[in-house]
Amino acid sequence: MSLAICPGSFDPITLGHLNIIRRSAQIFDKVIVCIMVNSSKTKPMFTINERVEMVRKVVGRFPNVEVDTSDGLLAEYAKKYDGAVVVKGMRAASDFEYEFQMNLINKKINPGLETMFLTASEKYTFLSSSVVREMASYGADLTGFVPYEIIDEVKEKAKLWRQ
Ligand code: ADP
């Protein structure tokens with residue numbers, strides 16, 4: 001059985017993330033969306049539990065997608081699943097440099113771990129969670145940025161988050 005791990009902070013999940021998850025679910029038998037507790041991102045908008053709930057709500061439509069969390073390194077997490085492949089989205093050249101370096105580090109920790117990159121859909125190349133947080137904090141319309149199921153939740157949270 002082929003298995004993909006789609007890691008990220010998903011703070012919050014965007015339509016760009018969802019596009020990568022959906023395409024992974026078409027290629028692999030099973031996909032685990034792994035929400036990483038990223039200590040370098042100082043002020044998260046959503047708690048890990050809130051992110052899990054939101055991602056679950058959105059990926060419920062895909063029968064072969066599961067949600068998990070990790071507060072460790074991705075390369076360590078992936079050791080639990082023999083033969084799993086990490087799938088990431090590639091938006092621009094700036095993503096490439098970071099991802100290339102991360103991939104080399106991951107290989108040192110877990111030499112058998114492969115990472116595959118799916119090029120971002122053209123309409124989402126500009127989209128990131130930080131763009132969504134910024135827009136939400138100004139009360140902007142989030143249609144076309146985040147899945148419709150979570151729009152209200154993101155808007156509500158943004159009101160509190162900005163204070
Ligand atoms: P962000 O950069 O939005 O904060 P994450 O750290 O949660 O996102 O990223 C998780 C993964 O999703 C990364 O592989 C990232 O490249 C990918 N990703 C994020 N936004 C998009 C997008 N708009 N299109 C394609 N892939 C994306």
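Remember, it's 1-based here, ligands and their atoms both numbered in the order they're listed. Numbers here simply count residues along the sequence, with the first being 1. Everything numeric in this text was worked out from a predicted model, so none of it was measured.
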Looking at ligand 1, does any of its N/O atoms fall within less than 3.5 Å of an N/O of [X]?
X      : result
Thr125 : no
Ser129 : yes
Gly89  : yes
Phe10  : yes
Ser9   : yes
Ser130 : no

Relative to the heavy atoms of [X], which atoms of ligand 1 are at a distance of less than 4.0 Å?
X      : result
Leu127 : 20 (N), 21 (C), 22 (C), 23 (N)
Ser128 : 3 (O)
Gly8   : 7 (O), 10 (C)
Gly16  : 22 (C), 23 (N), 24 (N), 25 (C)

(message) Checking Phe46 now: which residues fulfil ring pair (Phe, Tyr, Trp, His ring centres under 6.0 Å) with it, not counting sequence neighbours?
(response)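 Phe46 satisfies ring pair (Phe, Tyr, Trp, His ring centres under 6.0 Å) with no other residue.
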For [X], does the [atom1] atom have more than 12 heavy-atom neighbours from other residues, nucleotides or ligands under 6.0 Å away?
X      : atom1 : result
Lys79  : NZ    : yes
Asp71  : CG    : no
Glu122 : CD    : no
Phe100 : CZ    : no

(message) Once you restrict to heavy atoms under 4.0 Å, what part of Pro7 touches ligand 1? Side chain, backbone, both or neither.
(response)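 Within the 4.0 Å criterion, Pro7 contacts ligand 1 through backbone atoms alone.
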(request) Mind checking whether Ile20 contacts ligand 1 via backbone (N, CA, C, O), side chain (CB onward), both or neither, at a 4.0 Å heavy-atom cut-off? (result)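 For Ile20, the contact with ligand 1 is made by the side chain alone.
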(message) Using a 3.5 Å distance criterion without hydrogens, assess whether the side chain of Thr119 forms a donor-acceptor pair with backbone atoms of Met90.
(response)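 Not confirmed, Thr119 side chain does not pair with Met90 backbone.
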(message) Looking at Thr47, is its backbone amide N or carbonyl O close enough to the side chain of Glu50 to form a donor-acceptor pair, meaning the two atoms are under 3.5 Å apart?
(response)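 Side chain of Glu50 to backbone of Thr47, a donor-acceptor pair under 3.5 Å: yes, one is there.
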Return a table of donor-acceptor pairs under 3.5 angstrom between the side chains of residues 56-67 and protein atoms on other chains or two or more places apart.
from	atom 1	to	atom 2	distance (Å)
Lys57	NZ	Glu153	OE1	3.3
Arg61	NE	Val58	O	3.2
Arg61	NH2	Glu149	OE1	3.4
Arg61	NH2	Glu149	OE2	3.0
Asn64	ND2	Ala25	O	3.0
Asn64	ND2	Phe28	O	3.3
Asn64	ND2	Asp29	O	3.1
Glu66	OE2	Lys30	NZ	3.4

